[in-house]
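Below you'll find the structure, written out as structure tokens, and then a few comments.
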Amino acid sequence: PSMPYCSGADLILKSLPKRVDRVIVITGYKGELIREYFGNSFGDISVEYRQQDINDSEMKGTWPALCLAKDTLLEKQSTSFLLLNADDIFDKDCLEKLVESRNGILIGEVESLNAAKRFGVVVVEDGKMKEIEEKPDNPKSTTVSVGAYVFENSILSEDNPDKRSN
């Protein structure tokens, strides 16, 4: 049987912690299909959309996508937000624990340094993420990001000296 176009997105939204009441979906290619499929809500969750210009090399990547949602995230009363990559499916319990942390990243291990080349490789020291390098030619570890993050809103501030492009 065929699956609906957005079935993976369905699974992601179903795995969200109960405290999530609003989702901002950053779309690119065929974003109108996603808008048509979900509309303005998914159950009790309000859904908003921002369009990322995937033909503009300056707009590719996670940071430019996040900047499209910046104003909405900063007007919200909460002090942190959950960022999920749309090409991963997450365990609800893991996301609940991540959201409780208020500032964190879900990580996993891959079988080899060669396999790590396909991911964002994470360097952890003393239980804290010190570095993340996207798809490196020479990975420093087999610890990788699985595409789920919680950040404090301050990462979006103009005067944040630690923000990095992409």
Same cluster or not: [X] versus [Y], using hydrophobic residues (I, L, V, M, F, W, Y) connected whenever any side-chain heavy atoms lie under 4.5 Å apart?
| X | Y | result |
| --- | --- | --- |
| Leu113 | Ile132 | no |
| Trp63 | Met129 | yes |
| Val121 | Ile107 | no |
| Leu95 | Val144 | no |
| Ile34 | Val47 | yes |

Which distance, rounded to the nearest 0.5 Å, do you find between the [atom1] of [X] and the [atom2] of [Y]?
| X | Y | atom1 | atom2 | answer |
| --- | --- | --- | --- | --- |
| Arg118 | Lys135 | CZ | NZ | 10.0 Å |
| Thr27 | Gln51 | OG1 | CD | 3.5 Å |
| Gln52 | Cys67 | CD | SG | 10.0 Å |
| Asp91 | Glu96 | CG | CD | 10.0 Å |
| Glu111 | Thr142 | CD | OG1 | 9.0 Å |
| Asp71 | Glu75 | CG | CD | 7.5 Å |

Discussion item. Under a plain distance cut-off of 3.5 Å, with no hydrogens placed, do Glu152 and Ser80 share a side-chain donor-acceptor pair?
Written reply: no

Practice prompt. Could you tell me whether the side chains of Arg22 and Thr72 share a donor-acceptor contact shorter than 3.5 Å?
Written response: no

Fill in: Any donor-acceptor N/O pair, Tyr49 side chain to Asn40 backbone, under 3.5 Å
no

Quick one: closest heavy-atom pair of [X] and [Y], and the distance?
| X | Y | result |
| --- | --- | --- |
| Leu84 | Ala148 | CD2-CB, 3.6 Å |
| Ser15 | Phe90 | CB-O, 3.2 Å |
| Ala116 | Ser141 | CB-O, 3.6 Å |

Fill in: Member of Asn85, Leu82, Leu98, Leu66 meeting the side chain to side chain contact (heavy atoms under 4.5 Å, CB included) criterion with Tyr149
Asn85

Between [Y] and [X], is there a side-chain heavy-atom distance shorter than 4.5 Å?
| X | Y | value |
| --- | --- | --- |
| Leu156 | Phe81 | yes |
| Phe38 | Ile45 | no |
| Val99 | Leu16 | no |
| Asn103 | Phe151 | yes |
| Leu83 | Val150 | no |
| Glu100 | Arg19 | yes |

Practice prompt. Take Phe119 and Val110, measure what side-chain contact (heavy atoms from CB on, under 4.5 Å) needs, and give me the verdict at the end.
Written response: CA-CA 9 Å; Phe119 299 93; Val110 292; 3.7 Å; yes

Discussion item. I'd like to know whether NZ of Lys92 has more than 12 heavy-atom contacts from other residues, nucleotides or ligands below 6.0 angstrom.
Written reply: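 Atom NZ in Lys92 is packed in, count exceeds 12.
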
